Amino acid sequence: MDKHAVQLAPSILAADFARLGQQVAEAEQAGADRIHVDIMDGHFVPNISMGAPIVQSLRRVTHLPLELHLMISDPDFFLEQFSEAGSDAFLVHWEGNNNLHRTVHRVKALGKRVGVAINPATPAVVLEEILPDVDQVLVMTVNPGFGHQPFLHTTLPKIRRVRQMIAQSKPGCDLEVDGGIDAATAPLVVAAGANVLVAGSSIFNESEGVAAAMKRLRATIPVEGSGGAHWRGWPQP
Ligand code: DX5
Ligand code: ZN
C-alpha cells in the first residue's frame, strides 16, 4: 500500500554527521518514506562524501529503505559491497556509463531496486530504451555534487516529459527529483509529475528541527500528488 502519494526522501548529505543516527531516526518518526544517501568519489563529481561503512551504520538505525545515489565513476565495482552493507536501491547515472544496461541488470541481479539518474543538461530521450528495465528515474534538478544549490527551473519541462514517457511505457515507475527542493519548489515539481522528492538542506538545515521541517515541506504538496504513480514495494533480499 502507498504510504504517501508523494514520497519524501531526506538526503543525509545535509545532516549533522556527528548526530547522524539521531537525525535519521527523527526523519523516520516524522514520516520519511526512504533515506537518500549520496555517494561521491571526487572524480565523477568534484566532491567526496561517504562509503559503505556509513551505509552499514545507517542500516542498524532505521527500517526505512536506503537508496544510494551513486555519483561515482565505476558504479559496477562497488555494487556488491554497498549491497552487503544494507542498501535497498541504487540510482546510477546515465552520464559517463558506456554500459548502462549492464549496470542496471547487475543491480537487478542483486535483488535491489534500480533507477537511472540524468543531469540537468541531459535530455529525457536518453531514457527511452532503458525505461522498461527500471523501477525509478531520477531527474537531477541541480548539477550533482553539492547540497544547498538553487533549483534549476529549466528542468520542469523535462520532468513533465519524463512523466509522459512513464505513463506510456512504464506505469508505476517512480519519478524522483533531487536538488533544491524546498517549500517553494516542491509544489512545482509535483505539478510537473514528480512523485518522490529528495530534500537535504530543507529538512536537515532548518533551525526548527527535522520533524517540523518535514511537516512544513509536506504541507506544500497537494494531496492528490502527481496523479497516477504507484508505490510498488521494495524487493525482498
Ligand atoms: C546533490 C545530491 C543531492 C543533495 C540535495 O548532488 O544528489 O541529493 O543532497 O541537497 P539539497 O536538497 O540541499 O539541494
Ligand atoms: Zn542525490
Side-chain angles (χ1 to χ4, degrees), residues 1-16 19-38 58 61-67 69 88-89 91 115 117 120 136-142 146-160 162-163 166-167 172-234:
M1 275 297 284
D2 283 14
K3 228 174 129 191
H4 300 110
V6 174
Q7 302 202 348
L8 289 185
S11 163
I12 60 164
L13 192 63
D16 175 354
R19 298 186 298 128
L20 186 56
Q22 188 190 326
Q23 294 215 308
V24 167
E26 273 176 54
E28 181 166 1
Q29 277 159 22
D33 298 283
R34 51 178 91 173
I35 298 294
H36 184 89
V37 185
D38 290 301
L58 285 170
V61 298
T62 182
H63 295 106
L64 291 176
L66 297 174
E67 67 172 19
H69 178 188
D88 299 285
L91 294 156
Q136 57 193 95
V137 167
L138 177 63
V139 174
M140 290 303 299
T141 43
V142 299
F146 301 92
H148 203 48
Q149 300 180 80
F151 177 83
L152 295 171
H153 287 259
T154 48
T155 59
L156 285 169
K158 181 162 60 176
I159 297 167
R160 285 193 282 273
V162 174
R163 172 52 67 195
I166 287 175
C173 179
D174 280 335
L175 203 180
E176 185 168 29
V177 290
D178 185 5
I181 304 300
D182 58 18
T185 55
L188 305 180
V189 292
V190 171
N195 74 304
V196 184
L197 314 187
V198 177
S201 351
S202 67
I203 288 180
F204 291 110
N205 285 356
E206 297 295 328
S207 53
E208 57 191 346
V210 171
M214 282 185 57
K215 194 172 168 195
R216 199 157 61 88
L217 194 53
R218 204 175 277 290
T220 68
I221 300 168
V223 174
E224 290 304 311
S226 61
H230 299 288
W231 175 245
R232 301 190 311 133
W234 298 76

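Along the sequence shown, the residues carry numbers beginning at 1. Keep in mind that what you see is a predicted model, and the values were worked out from it rather than measured.
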**OP:** Could you go through the side-chain contact (heavy atoms from CB on, under 4.5 Å) check for H153 and T155 one step at a time?
**Re:** CA-CA 5 Å; H153 287 259; T155 59; over 6 Å; no

Testing the basics here: between [X] and [Y], what is the closest heavy-atom pair and its distance to 0.1 Å?
| X | Y | result |
| --- | --- | --- |
| G31 | M214 | C-CE, 3.8 Å |
| F151 | L156 | CZ-CD2, 4.0 Å |
| G200 | A14 | C-CB, 3.4 Å |

Whether [X] side chain and [Y] backbone form a donor-acceptor pair below 3.5 Å:
| X | Y | answer |
| --- | --- | --- |
| R218 | V6 | yes |
| D182 | A184 | yes |
| T185 | G180 | yes |
| T220 | P187 | no |
| R34 | A89 | no |
| Q23 | D16 | yes |

Hey, are the side chains of [X] and [Y] touching, using non-hydrogen atoms and a 4.5 Å cut-off?
| X | Y | value |
| --- | --- | --- |
| V210 | I203 | yes |
| H4 | I221 | no |
| M140 | L152 | no |
| T154 | P120 | no |
| L175 | V139 | yes |
| Q136 | V196 | no |

Output the distance between atom [atom1] ([X]) and atom [atom2] ([Y]), rounded to the nearest 0.5 Å.
| X | Y | atom1 | atom2 | result |
| --- | --- | --- | --- | --- |
| I159 | T141 | CD1 | OG1 | 6.0 Å |
| D88 | E67 | CG | CD | 9.5 Å |
| L138 | D174 | CG | CG | 10.5 Å |
| F204 | E26 | CZ | CD | 8.5 Å |
| L20 | I12 | CG | CD1 | 5.0 Å |
| I35 | E28 | CD1 | CD | 7.0 Å |

**OP:** Assess whether side chain to side chain donor-acceptor pair (under 3.5 Å) is satisfied between D178 and H36, documenting all intermediate values.
**Re:** CA-CA 10 Å; D178 185 5; H36 184 89; 3.2 Å; yes

